[in-house]
Amino acid sequence: MLDIKLIRDNPDAVKAGLANRNADTDVIDEVLALDTTWREKLGDAEQQQSALNKANKAFGPWMGARKKNPEMPAPAELVELLGETPSDPETAKEKLRLLGEQKDKVENEAAAILNQIEGLLLHLPNIPHKDAPVGKSEDENVVRKEWGTKPEFGFEPKAHWDLVGDKGLDLEIGGRISGSGFPFLRGKIAKLERALINFFLELHTSEHAYTECWTPFMVRSETLRNSSQLPKFYDDLYRADERDDLFLIPTAEVPLTSVHAGEIIPDDQAPIRYCAFTPCFRREAGAAGKDTRGILRVHQFSKVELMVVTTPERSEAEHETLTRCAETVLERLNIPHRRLELCTGDMGFGAQRCFDLEAWAPGVGKWLEVSSCSNFGDFQARRAKIRVRGDDKKVRLAHTLNGSGLAVPRTMIAILENNQQADGTIKIPEALQPFYGAEVL
RNA sequence: GGAGGGGUGGCAGAGUGGUUGAUUGCGUCGGUUUCGAAAACCGAUUUGCUCGAAAGGGUAACGGGGGUUCGAAUCCCCCCCCCUCCGCCA
């Protein structure tokens, strides 16, 4: 969520940022107008409340005093508020009740407006970081680096769906059980899936400083709002059913981001780094008919996620570190890949800056996104109320970051397609062999 | 699913309608004392919103949301979470 104070103080900068993201900017004027009214009503209500509080505070002692002396006059606070000396407590009560109703009315009006403002803010994306390249669409993303060399084959490389039909990737059975986009794996491919998950986790926990987590795979709507999937992306989520407020997680980012929700973390405990394997469930509502073949785009997939909570001062450095951790996975697996910096028009809703890692897949002849490493700034922290406290005791919003490390299916595609041999077998990358238990698949 | 107990400040733990944002203890920070430290003593120690240039003022919060009342941490209703026991089931 954007900072209402930033919008107040610097509406033009906010609009410019939103415009770079191809987002609507008129809503900012709407928010500003509502905000002005809200603050007027709030001040009004609080002033009335203040007067009522003073009178109420004096009321009890007055009642007590009247027990000893029924002639005890009403206290000055009460007289001041009512503008007259009440004849008896019952009359005073009635008048206070009416004043309270007046106050409630204004208070409710203010609350309704605040609600409206929040509704608008919840649908606004983050403002891009000043260093993020400005651009309209994915065509303007910037390649920051390329690693490895694309393999040369003495034959026409096959796409993964033609490579492993006999090795246990069974899309039809998945379809029979659950529908399209739910791959069924058995035998060697099932084992390869497990090997990749273990390899990822082992690398990030043993060599990188991430704490392994095991999270719930279903979460409440509140948890999804914290990390900004809700309210805007409801259609992309699987919901358990209407009896429970539970959704299937689209990524481990969701449960991990809420681990420290509501907390104030001392600066010296930052950065807090977590990683977790989870299945990810996505309806892919907006992508129907796109990348339908093989396991390019599926409704359920495995992923190991990296997530960081840190101070505003450290977040940029952490962003680079996190991205490097994800890149290391690809390097160890010897997969040709590149790092893309997303332009303002292509970044995800909550990101202020984002690097995508793309693995080369020679069979399908495409770069495949296997990781998206984002710095959210304080965008998620504001929703989740995650804060940090410095040596000077000052409290400020934390920064959150996350990235895949990595998504399994597309990494698997890259391994299969890059390491295919003329005889139809696939060489297992050396780093993965201890986890897979063989050199060839 | 059934029965019961409970959710209060960093922690522990009081508080059942009126100067209680909240007794007290611990912890933490500062000071006195000391060559230094411990102990002792003194003081400080939540966060949000809002008004204000600032100083400072106002307001809100005792799991969450409603209600009763002139007034709610305290009474009523709904929901969530934790604990114990029973049932059921990996």
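Predicted model, so just to flag it, every value in this text is computed and none were measured. Naming convention: chains lettered A, B, ... in sequence-line order (proteins, then strands); numbering from 1 in each chain. These values consider heavy atoms only, across backbone and side chains, with no hydrogens, waters or symmetry-generated copies.
- I386(A) places its CD1 atom 17 Å from the C1' atom of G48(B), with the value rounded to the nearest Å.
- Across every strand in view, A54(B) sits unpaired, with no contact that passes the Watson-Crick or G-U test at under 3.5 angstrom.
- Taking atom CG of residue L52(A) and atom P of nucleotide G71(B), one finds them 8 Å apart after rounding to whole Å.
- Of all nucleotides present, only G18(B) satisfies the Watson-Crick or G-U wobble test against C70(B), with each distance under 3.5 Å.
- Using N1 to N3 plus N6-O4 or O6-N4 for Watson-Crick, or N1-O2 and O6-N3 for G-U wobble, each under 3.5 Å, G87(B) pairs with nothing.
- Note on W38(A): only backbone sugar-phosphate atoms sit closer than 4.0 angstrom, heavy atoms only; bases stay farther off.
- Here E341(A) pairs with R353(A) in a salt bridge; the nearest charged N to carboxylate O distance falls below 4.0 Å.
- C11(B) and G25(B) make up a base pair, with Watson-Crick or G-U wobble contacts both under 3.5 Å.
- One finds a side-chain N or O of N53(A) lying less than 4.0 angstrom from the OP1 or OP2 phosphate oxygen of A60(B).
- Two rings, from Y274(A) and H204(A), have their centers 6.0 Å or more apart.
- Across E327(A), E207(A), E202(A), a single residue satisfies salt bridge (charged side-chain N to carboxylate O under 4.0 Å, His left out) together with R332(A), and that is E207(A).
- In terms of phosphate contacts, K5(A) brings a side-chain nitrogen or oxygen within less than 4.0 Å of OP1 or OP2 of C49(B).
- Using a 4.0 Å cut-off, no side-chain N or O of R389(A) falls inside it from OP1 or OP2 of U46(B).
- Separating the CD atom of E118(A) from the C1' atom of G48(B) is a distance of 13 Å, rounded to the nearest angstrom.
- Cation-pi geometry between K191(A) and Y436(A) is met: under 6.0 angstrom from the ring centre, within 45 degrees of the axis.
- Nucleotide A60(B) has U47(B) as its partner under the Watson-Crick or G-U criteria, with both atom distances under 3.5 Å.
- Comparing U46(B) with A40(B), their P atoms sit 24 Å apart, to the nearest whole Å.
- When both distances must be under 3.5 Å, the Watson-Crick or G-U wobble mate of A40(B) is U32(B).
- Under 4.0 Å is where a charged nitrogen must lie from a carboxylate oxygen, and between D267(A) and R396(A) at least one such pair does.
- Between S50(A) and R396(A), the residue anchored closer to the 5' end of RNA chain B is R396(A), taking for each the nucleotide with the nearest heavy atom.
- Atom CD of E101(A) has more than 12 heavy atoms from other residues, nucleotides or ligands within 6.0 Å.
- The pair R243(A)-D241(A) counts as a salt bridge, with a side-chain nitrogen and a carboxylate oxygen less than 4.0 angstrom apart.
- Distance noted for atom C1' between U69(B) and G31(B): 47 Å (whole Å).
- For the P atom pair drawn from A55(B) and G17(B), the interatomic distance equals 41 Å after rounding to whole Å.
- The separation of U47(B) from G9(B), taken at their C1' atoms, amounts to 10 Å, rounded to a whole angstrom.
- To the nearest whole angstrom, the two C1' atoms, one in G21(B) and one in C49(B), are 16 Å apart.
- For the pair Q48(A) CD and C70(B) C1', the interatomic distance rounds to 15 Å; values are reported in whole Å.
- One interatomic measurement links the two molecules: CD of E101(A) to P of G67(B), which rounds to 12 Å at whole-angstrom precision.
- Using a 4.0 Å heavy-atom cutoff across all strands shown, K41(A) reaches no nucleic acid atom at all.
- Closest contact between the side chain of L96(A) and the listed nucleotides U47(B), C80(B), C70(B) involves C70(B).
- Rounded to an integer number of Å, the gap from CZ of R387(A) to C1' of G48(B) is 7 Å.
- The gap from the C1' atom of G15(B) to that of U23(B) amounts to 8 Å, rounded to the nearest Å.
- Nearest nucleotide to the E46(A) side chain, out of G58(B), U47(B), C70(B): G58(B).
- Distance from the side chain of R39(A) is smallest for U50(B) among the nucleotides C70(B), U50(B), U19(B).
- For R97(A) and I4(A), each mapped to the nucleotide of RNA chain B holding its nearest heavy atom, the one lying further toward the 5' end belongs to I4(A).
- When the P atom is compared between A73(B) and G65(B), the two are found 13 Å apart, to the nearest whole Å.
- For G10(B) and C29(B), the C1' atoms lie 13 Å apart once the distance is rounded to whole Å.
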